[in-house]
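Working notes for the structure below.
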Amino acid sequence: MSAELETALQQPQLALYGGTFDPVHLGHVHIATEAADMLDLDTVLFTPALSSPHKQGRETASGSLRAELLALATAHDPRFCVWDVELTRAGPSFTVDTIRTLRDLRGEGAGEPFLILGLDQLPAFDRWHEVEQVLELSRPIVIDRGGDHGVDPSAEFDRLEAALPRRLASLLRRGYLPLEEPHPASATEIRRALAAGEAPEHLDPAVRARIAELELYA
Ligand code: ATP
């Protein structure tokens, strides 16, 4: 582990931000920046999943490439760090395992990390592996990217409060963070554009150049 990552993992105000990041785009960086500013975070740990339990059945770019692109996209902000813990762990990347590893590294007294979630994660959230432990061991922040993603936050929080122990589910509602300026980037749209030979929007220039160099997603 690099000295930079070791230091980042010990910061008091720390958030985990997991996802596929296939590829990382300016929308991801935007929500991490907003969360870091609003919550006064010292560290945002971008944690790419080896194999997302939520996106089975689709091939992704390799974990090491996705991590390399993440490092390029996050290099400008000293609060950002890429943590490859899920890439080095076999099997589906369960968030609860990552939170436990973080807890072991930080020690019990360090307090719970924030957990950055997109609002679009909520419809399946109650089926997450050991979801109650996820909520016991972290402080969820639910970022509403705005626009038409088909998820009604208030209805979704009501549903989760019925599906899960109310005390835990209410943490999600309390962690709701609507963005003042939603970001239109979508990794699905970026992959579609690249496969069609079109110029993709909403990529960091260094990420765009590396994707072109390696002819990724073509
Ligand atoms: P895909 O299109 O491949 O499903 P994705 O960006 O939605 O890509 P992930 O890479 O797993 O999927 O995203 C990680 C998290 O970032 C998710 O919680 C998602 O809600 C959030 N997210 C993705 N794009 C944006 C955006 N433009 N604005 C705000 N949040 C976003």
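Note that ligands are numbered from 1 as they come in the structure, with each ligand's atoms numbered from 1 the same way. In what follows, residues are counted from 1 in the order of the sequence shown.
- Under a 4.0 Å N-O distance rule, the pair Arg166/Glu161 qualifies as a salt bridge.
- Side-chain heavy atoms closer than 4.5 Å link hydrophobic residues (I, L, V, M, F, W, Y) into clusters, and following such links, possibly through other members, connects Leu72 to Phe46.
- Each of the atoms 17 (C), 18 (O) of ligand 1 lies under 4.0 Å from some heavy atom of Gln121.
- Using a cut-off of 4.0 Å between Lys/Arg side-chain N and Asp/Glu carboxylate O, Arg100 and Glu130 are scored as salt-bridged.
- In terms of polar-atom proximity, Phe21 is counted as a contact of ligand 1, with an N or O under 3.5 Å from an N or O of the ligand.
- Ligand 1 has no nitrogen or oxygen under 3.5 angstrom from a nitrogen or oxygen of Asp22.
- Backbone and side-chain nitrogen or oxygen atoms of Ala185 are examined, and one is located within less than 3.5 angstrom of a nitrogen or oxygen of ligand 1.
- Of the inter-residue distances, the one linking Ile31 atom CD1 with Thr33 atom OG1 reads 9.5 Å to the nearest 0.5 angstrom.
- Checking side-chain atoms of Arg66 against main-chain N and O of Pro48 turns up no donor-acceptor pair under 3.5 Å.
- Of all the atoms in ligand 1, the ones that sit under 4.0 Å from a non-hydrogen atom of His183 are 26 (C), 27 (N), 28 (N).
- Residue contact check: Gly19 has heavy atoms under 4.0 Å from atoms 11 (O), 14 (C) of ligand 1.
- Taking the ring-ring contact (aromatic ring centres under 6.0 Å, His included) definition, one finds that Tyr176 meets it with Phe157, sequence neighbours left out.
- A donor-acceptor pair under 3.5 Å is formed between the side chain of Gln10 and the backbone N or O of Leu105.
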Validation: residues 211-218 side-chain donor-acceptor distances under 3.5 Å, sequence neighbours left out:
residue, atom, partner, partner atom, Å
Glu213, OE1, Arg210, NH1, 3.1
Glu213, OE2, Arg210, NH1, 3.4
Tyr217, OH, Asp22, OD1, 2.4

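- Looking at Glu189 against ligand 1, nothing comes within 4.0 Å, counting heavy atoms.
- Atoms of ligand 1 lying under 4.0 Å from at least one heavy atom of Ile31, given by number and element, are 28 (N), 29 (C), 30 (N).
- At a 3.5 angstrom cut-off on N or O pairs, Pro184 does not count as close to ligand 1.
- The distance from ligand 1 to the heavy atoms of Arg191 drops below 4.0 Å at these ligand atoms: 3 (O).
- At a 4.0 Å heavy-atom cut-off, ligand 1 touches Thr20 through backbone and side chain alike.
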